[in-house]
Amino acid sequence: MNELEVSRQIEQMVKFIRQEAEEKANEIRVSAEEEFNLEKLQLVEQEKAKIRREYERREGQVDVKKKIEYSKQLNEMRLKVLAAKEAAIQDILVEATEKMRSVCKQPPQYKQLLENLLVQAMTKLKEPTAVVKVRQVDLLLVKEVLEPARTSYTKVTGNPAVSLTLDQASFLPPPPTPGSELASCNGGISLSSADGRIVCNNTLDDRLRISYASTLPETRTALFGDA
């Protein structure tokens with residue numbers, strides 16, 4: 001083999017090797033690009049998923065805040081409604097108290113009321129002897145109704161008249177004074193057994209409290225309906 005043939009053969013080998021190298025390089029480049037694109041796609045999807053989760057988290061927080069705010073406003077409204085209802089009922093109680101006090105300023109009517117309260121208390125107490133306690137300002141008026149009350153009791157119950165003792169040393173609290181926080185009484189009587197163990201408070205204040213408690217459901221229904 002001459003030198004020319006050797007050179008040609010070497011050149012062919014070089015071309016073959018270069019072609020093999022280029023093909024291998026292309027394969028590596030294509031594979032690298034595919035891996036890069038695949039990894040890039042995975043990263044993009046991961047970021048998308050991360051963004052979606054963050055959006056859902058924030059959307060959830062906004063929804064929770066809206067629900068909390070709505071619940072807060074609803075509770076505030078309910079409290080305002082309850083306060084308004086309670087204020088309306090208290091207005092009625094104040095009005096009833098004023099009317100009750102006006103009775104004490106009318107001696108004939110108040111005198112008859114004291115007699116009726118005494119009869120009622122004796123009927124409830126069911127004791128042969130009893131002690132009557134009143135406000136000091138009502139002392140003289142009550143003295144006048146003791147006997148009529150005993151007579152009425154006998155007529156109503158058919159029982160012997162109760163022996164009544166008027167307590168002239170210890171009294172019920174005085175009438176209320178505007179601006180004063182001291183204990184007060186709007187009138188009426190308190191009747192106790194001779195030994196003081198049984199007490200029937202039949203003051204106007206007690207009667208109003210009992211009436212208020214017993215009629216409160218009906219009052220609410222009359223004012224606000226069944227809701």
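It should be emphasised that the depicted structure is a prediction, and the values quoted were computed from it without experimental measurement. Numbers for residues simply follow the sequence, beginning at 1.
Residues Pro108 and Gln112 fail the side-chain proximity criterion, which asks for heavy atoms closer than 4.5 Å. The closest side-chain heavy-atom distance from Leu166 to Lys143 is below 4.5 Å. Between Asn202 and Gln120 the shortest side-chain heavy-atom distance falls below 4.5 Å. For the pair Tyr212/Ile89, a side-chain contact is recorded, criterion being any heavy-atom separation below 4.5 Å from C-beta on. Between Lys133 and Ile189, the closest side-chain pair of non-hydrogen atoms is not below 4.5 Å. You'll find the side chain of Val103 reaches within 4.5 Å of the side chain of Leu113, heavy atoms only. At a threshold of 4.5 Å between non-hydrogen side-chain atoms, the residues Glu147 and Glu115 do not count as touching. With a 4.5 Å cut-off on side-chain heavy atoms, Val134 and Val132 count as touching.
A single hydrophobic cluster is not seen to contain both Ile210 and Leu216; linkage of ILVMFWY side chains at heavy-atom distances under 4.5 Å, directly or through other members, places them apart. One hydrophobic cluster, built from ILVMFWY side chains closer than 4.5 Å, cannot hold both Val199 and Met122; they sit in different ones. Both Leu146 and Tyr153 are members of a single hydrophobic cluster when ILVMFWY side chains are connected at heavy-atom separations under 4.5 Å. Under a hydrophobic-cluster definition in which Ile, Leu, Val, Met, Phe, Trp and Tyr are linked whenever side-chain heavy atoms come within less than 4.5 Å, directly or via other members, Leu204 and Val137 are assigned to different clusters. In the hydrophobic clustering of ILVMFWY residues, with side-chain heavy atoms under 4.5 Å counting as a link, Leu172 and Leu139 come out apart.
A donor and an acceptor atom, one from each side chain of Gln73 and Glu69, are located under 3.5 Å apart. Residues Glu22 and Asn26 have side chains that never bring a donor and an acceptor to within less than 3.5 angstrom of each other.
With hydrogens and angles disregarded, a donor-acceptor distance shorter than 3.5 Å links the side chain of Asp167 to the backbone of Ser170. Panel note: side chain Ser214, backbone Ser211; a donor-acceptor pair is recorded below 3.5 Å. Here the side chain of Asn186 pairs no donor or acceptor atom with the backbone of Asp205 at under 3.5 angstrom. With hydrogens and angles ignored, the 3.5 Å screen pairs a side-chain donor or acceptor of Thr154 with a backbone N or O of Arg150. For the pair Asn37 (side chain) and Glu33 (backbone), a donor-acceptor distance under 3.5 Å is present.
Ion pairing of Glu34 with Arg29 is absent here, as no side-chain N (NZ or NE/NH1/NH2) approaches a carboxylate O to less than 4.0 Å. Using a cut-off of 4.0 Å between Lys/Arg side-chain N and Asp/Glu carboxylate O, Arg101 and Glu98 are scored as salt-bridged. At a threshold of 4.0 Å, the pair Glu95-Lys99 counts as salt-bridged, since one of the basic side-chain nitrogens sits closer than that to a carboxylate oxygen.
In terms of heavy atoms, Pro175 sits closest to Ser184 at C-CB, 4.0 Å. In terms of heavy-atom proximity, Ser180 sits nearest to Leu182 at OG-N, 3.2 Å. Across all non-hydrogen atoms, the minimal contact from Val119 to Ser152 is CG2-CB, 3.7 Å. Across Arg135 and Tyr110, no two heavy atoms sit closer than the pair NH2-OH, 3.6 Å. Considering all non-hydrogen atoms of both residues, Ala96 and Leu208 come closest at CB-CD1, 4.1 Å. In this structure, Cys185 and Pro173 approach most closely via the heavy-atom pair CB-O, 3.2 Å.
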Walk me through whether Thr203 and Asn201 qualify under side-chain hydrogen bond (donor to acceptor under 3.5 Å, both in side chains). CA-CA 6 Å; Thr203 65; Asn201 288 317; over 6 Å; no
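Among Lys65, Lys67, Lys66, the single residue meeting the salt bridge (charged side-chain N to carboxylate O under 4.0 Å, His left out) criterion with Asp63 is Lys67.
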